[in-house]
> 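Below is the structure I would like to discuss, written out as structure tokens.
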Amino acid sequence: MNQLLFVKSSVFGDGGQSSQLADRFIERWQSHYSQSDLVVRDLISQPIAHFDMETITALSTDASEQTAEQKNRVALSDQLIAEVKQADAILIAAPMYNFAVPSQLKAWFDQVARNGVTFKYTENGPVGLLEDKPVYILATRGGQYHDAGLDYQVPWLKLILGFVGLHNVKVVLAEGLNMSDAEKSIQSAQQEIDSIQLS
Ligand SMILES: Cc1cc2nc3c(=O)[nH]c(=O)nc-3n(C[C@H](O)[C@H](O)[C@H](O)COP(=O)(O)O)c2cc1C
């Protein structure tokens with residue numbers, strides 16, 4: 001079974017440009033593998049609350065002493081991490097909002113990057129604990145940033161994924177989507193999706 005975890009974060013839902021590119025990728029995935037499974041983590045229809053002190057306390061309290069509310073908070077983080085671990089590959093549809101990723105996607109990473117579970121600190125610095133697997137990022141943005149040193153979306157995604165042990169990252173960029181050559185940019189991203197090598 002080839003399980004794909006799709007992490008969806010456009011506020012425009014299915015109509016979002018990143019969501020539409022993701023649909024194309026998912027079609028490819030499903031036609032490539034005779035047996036496949038899709039798990040959708042929709043961060044817009046089911047938003048994850050921002051990380052706060054209550055959550056930090058819950059995660060650092062021994063299971064035998066947790067309140068019902070703390071258990072719920074730990075269970076959510078456990079569930080999100082389990083989805084990542086169980087997947088054979090991860091697809092992240094990531095628009096650029098205000099130069100970075102949507103806050104809903106940041107909230108997801110705040111739960112997934114967990115000390116002692118998905119990363120740990122050693123004498124030689126942090127080490128990611130997740131088993132490496134392909135991560136496909138479909139990054140959309142209204143303007144043109146590539147190579148301009150102003151991209152806090154894709155470099156950050158690569159940084160946090162690598163931090164938890166996910167280094168096998170393929171990025172498809174669709175830039176300038178609020179500019180005149182948007183259609184050309186979408187077509188080029190579609191072609192890139194169609195030519196991704198699936199194992
Ligand atoms: C709240 C918001 C903030 C945005 N900020 C930026 C930005 O900082 N830079 C940019 O190039 N485009 C920005 N855009 C445009 C989006 O990146 C662009 O429309 C992208 O295709 C949206 O992807 P989506 O349709 O999957 O949500 C912003 C759009 C929204 C709704």
Side-chain angles (χ1 to χ4, degrees), residues 3-32 36-52 76 80 83-84 87 89-113 133-164 166 168-196 198:
Q3 188 170 104
L4 180 68
L5 170 63
F6 171 30
V7 182
K8 192 171 176 181
S9 65
S10 168
V11 293
F12 301 104
D14 290 339
Q17 285 164 309
S18 58
S19 311
Q20 289 178 39
L21 289 174
D23 286 346
R24 191 175 183 105
F25 180 95
I26 291 164
E27 254 177 53
R28 262 211 78 203
W29 181 272
Q30 290 175 332
S31 63
H32 183 80
S36 67
D37 187 24
L38 177 68
V39 173
V40 181
R41 175 51 65 177
D42 187 335
L43 302 175
I44 304 303
S45 69
Q46 287 184 290
I48 292 165
H50 280 164
F51 209 68
D52 59 11
L76 172 66
L80 298 175
E83 287 173 3
V84 169
I90 303 169
L91 173 65
I92 301 177
M96 177 187 278
Y97 294 157
N98 297 316
F99 304 99
V101 297
S103 60
Q104 292 88 345
L105 183 54
K106 172 67 165 58
W108 180 80
F109 274 107
D110 286 341
Q111 297 285 346
V112 168
K133 61 188 74 184
V135 180
Y136 304 96
I137 295 173
L138 307 179
T140 53
R141 56 283 276 278
Q144 297 276 3
Y145 299 90
H146 199 46
D147 297 332
L150 294 168
D151 182 351
Y152 299 94
Q153 174 197 28
V154 171
W156 181 80
L157 282 166
K158 286 183 171 173
L159 175 70
I160 185 78
L161 287 164
F163 185 70
V164 294
L166 301 172
N168 182 2
V169 178
K170 161 82 184 157
V171 179
V172 175
L173 264 187
E175 293 207 294
L177 298 187
N178 291 349
M179 297 168 76
S180 55
D181 54 356
E183 194 50 42
K184 212 170 133 197
S185 184
I186 286 286
Q187 281 170 8
S188 147
Q190 288 172 339
Q191 280 167 13
E192 214 177 324
I193 289 169
D194 294 348
S195 65
I196 287 174
L198 298 175

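Both counts, for ligands and for their atoms, begin at 1 and track the order of listing.
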> Closest approach of D110 and F51, non-hydrogen atoms and distance?
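Minimum heavy-atom contact is O-CE1, 3.5 Å.
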
> Taking C-beta and beyond as the side chain, do Q17 and L138 meet within less than 4.5 Å on heavy atoms?
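Heavy-atom side-chain distance check fails, nothing below 4.5 Å.
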
> Report yes if F99 has an N/O atom closer than 3.5 Å to an N/O atom of ligand 1; otherwise report no.
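Yes, since at least one N or O of F99 sits under 3.5 Å from an N or O of ligand 1.
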
> Please determine whether the number of non-hydrogen atoms from other residues, nucleotides or ligands lying under 6.0 Å from atom NZ of K158 exceeds 12.
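No, NZ of K158 has 12 or fewer neighbouring heavy atoms, counting only those of other groups under 6.0 Å.
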
> What is the distance from atom CG of L43 to atom OG of S10, rounded to the nearest 0.5 Å?
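The CG atom of L43 sits 11.0 Å away from the OG atom of S10.
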
> Going by the order shown, which atoms of ligand 1 are within less than 4.0 Å of some heavy atom of S10?
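Those qualifying, in numeric order: 24 (P), 25 (O), 26 (O), 27 (O).
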
> Identify the closest protein heavy atom to atom 26 (O) of ligand 1: which residue and atom is it, and at what distance?
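Residue, atom and distance for the closest contact: S18 OG, 2.5 Å.
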
> What is the nearest protein non-hydrogen atom to atom 9 (N) of ligand 1, stated with its residue, atom name and distance?
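Protein heavy atom at minimum distance: Y145 OH, 2.9 Å.
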
> For N178, take its heavy atoms, then give the atoms of ligand 1 lying under 4.0 Å from any of them.
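That gives atoms 15 (C), 19 (O) of ligand 1.
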
> With rounding to the nearest 0.5 Å, note down the distance linking CD1 in I44 to CZ in F12.
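So the gap between those two atoms works out to 10.0 Å.
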
> Can you pull out the closest protein heavy atom to atom 20 (C) of ligand 1? Residue, atom name and distance to 0.1 Å, please.
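Answer for atom 20 (C) of ligand 1: T140 OG1, 3.7 Å.
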
> Does any part of the side chain of L157, heavy atoms only, come nearer than 4.5 Å to the side chain of V169, both counted from C-beta?
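V169 does not reach L157 side chain to side chain.
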
> Please report which non-hydrogen protein atom sits nearest to atom 21 (O) of ligand 1, along with the residue it belongs to and the distance in Å to one decimal place.
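That would be Q17 OE1, 2.7 Å.
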
> With respect to L177, determine whether any N or O atom, backbone or side chain, lies less than 3.5 Å from an N or O atom of ligand 1.
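In this structure, L177 places no N or O atom under 3.5 Å from an N or O of ligand 1.
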
> Among all protein heavy atoms, pick the one closest to atom 5 (N) of ligand 1 and tell me residue, atom and distance.
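Sorting protein heavy atoms by distance from atom 5 (N) of ligand 1 puts N98 N, 2.8 Å first.
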
> Side chain or backbone, does M96 bring an N or O within less than 3.5 Å of an N or O on ligand 1?
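Indeed, backbone or side chain, M96 has an N or O that close.
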
> If you define the side chain from C-beta out and look only at heavy atoms, does anything of D14 sit under 4.5 Å from K8?
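D14 vs K8: side chains touch.
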
> Can you give me the closest heavy-atom contact between V11 and Y97, atom names plus distance?
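Heavy atoms of V11 and Y97 come nearest at N-OH, 3.1 Å.
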
> Provide, to 0.1 Å, the distance between atom 18 (C) of ligand 1 and the closest protein heavy atom, together with that atom's residue and name.
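Result for atom 18 (C) of ligand 1: G142 N, 3.5 Å.
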
> Can you confirm, on distance only, whether ligand 1 has an N/O atom lying under 3.5 Å from any N/O atom belonging to G143?
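Yes, G143 has an N/O under 3.5 Å of an N/O on ligand 1.
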
> Classify the ring geometry of Y145 against F99: parallel below 30°, tilted from 30° to 60°, perpendicular beyond 60°.
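Judged by the thresholds at 30° and 60°, the geometry between Y145 and F99 is perpendicular.
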
> Using a 4.0 Å heavy-atom cut-off, say whether Y97 meets ligand 1 through its side chain, its backbone, both or neither.
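Contact part for Y97 vs ligand 1: both backbone and side chain.
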
